[in-house]
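When reading the values below, keep in mind they use all heavy atoms of this one structure, side chains included, and skip hydrogens, waters and symmetry mates. Remember, it's 1-based here, ligands and their atoms both numbered in the order they're listed.
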Amino acid sequence: MTRNNMARMPAGNCRVITLDGPAGAGKSTVAREVSRRLGLPFLDTGAIYRAITLIMLEKNIPAENSPRLRDALRGFFISFDGGRVLVCGQDVTEEIRTPEIDMHVSAYSALPEVRSALLDIQRSQSAGGLVAEGRDMGTVVFPNACLKIFLTAAPASRARRRYDERVARGEPANYGEILETVNRRDRMDSERETAPLRQAPDAILLDTTDLSFEQVVERILGYAEGARPGE
Ligand code: DC
């Protein structure tokens with residue numbers, strides 16, 4: 001068995017690890033691999049915000065506080081099955097990754113009503129520990145996490161990653177448009193009033209621009225081994 005295949009336990013019982021950062025920094029793939037190697041569940045909170053956006057667009061509910069939006073927020077159930085995302089039992093894994101969802105997700109996720117409706121769903125997943133990725137994991141959702149990482153990379157490298165992902169899925173992709181969407185989402189996610197994208201004061205900043213996937217994963221596993229005991 002190689003070192004990479006071994007499940008590694010973080011020292012000091014560190015059970016909740018958060019990864020925050022802007023779009024396309026590689027959070028999902030990195031968090032998924034870290035969770036696999038540590039034997040902890042993985043929580044992709046962007047998928048939850050994307051699922052909410054899909055629900056609202058299908059119901060034609062605009063991104064503003066309204067009785068219809070509040071009703072819709074009470075009437076859904078999001079669950080995960082392996083790597084699949086389900087809304088009320090229906091698999092929406094592919095539908096939540098379209099350019100249309102990319103365009104609208106920041107507007108819905110800026111609404112305080114949406115964020116508070118999703119808080120309990122996210123926290124309820126952490127009972128046995130987890131690796132959670134998003135924008136406000138270390139600042140708002142899991143402020144007591146024992147290890148917090150803020151993952152970032154130059155915008156061009158993040159747009160390139162999203163472009164490659166889309167090409168790999170056989171979808172049409174335009175690098176210039178993707179870069180523009182990445183920059184626009186960064187702005188909206190960082191400038192919103194509720195739970196903006198921010199590095200928590202106790203988070204470790206990791207710039208992945210010049211690091212390979214494996215190097216990023218190894219660094220985080222190293223930090224987890226040295227993390228203080230905590231939640
Ligand atoms: O990580 P992602 O690209 O799948 O996230 C989609 C959007 O969801 C992102 O533009 C902002 C929002 N989001 C958020 O506001 N808070 C989170 N914890 C996760 C995602």
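Closer than 4.0 angstrom to ligand 1 lie heavy atoms from Thr45, Gly46, Tyr49, Arg50, Arg97, Val105, Ser106, Ser109, Arg115, Gly134, Arg135, Asp136, Met137, Arg162, Arg185, Asp189, Arg192.
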task = Show your reasoning for whether salt bridge (Lys or Arg N to Asp or Glu O under 4.0 Å) applies to Asp164 and Arg161.
result = CA-CA 5 Å; Asp164 290 343; Arg161 203 170 275 149; over 6 Å; no
request  = Take Asp20 and Lys148 through the test salt bridge (Lys or Arg N to Asp or Glu O under 4.0 Å) and record every step on the way to the result.
outcome  = CA-CA 8 Å; Asp20 289 303; Lys148 301 179 184 180; over 6 Å; no
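A salt bridge does not link Lys27 to Asp44: none of the charged nitrogens lies less than 4.0 Å from a carboxylate oxygen.
In the hydrophobic clustering (ILVMFWY side chains linked at under 4.5 Å, chained through shared members), Phe77 stands by itself. Hydrophobic cluster membership for Leu179: Tyr163, Val167, Tyr175, Ile178, Val182 (Ile, Leu, Val, Met, Phe, Trp, Tyr linked by side-chain heavy atoms under 4.5 Å, directly or transitively).
Applying the side chain to side chain contact (heavy atoms under 4.5 Å, CB included) rule to Arg32 yields the partners Phe42; only residues at least two apart in sequence or on another chain are considered.
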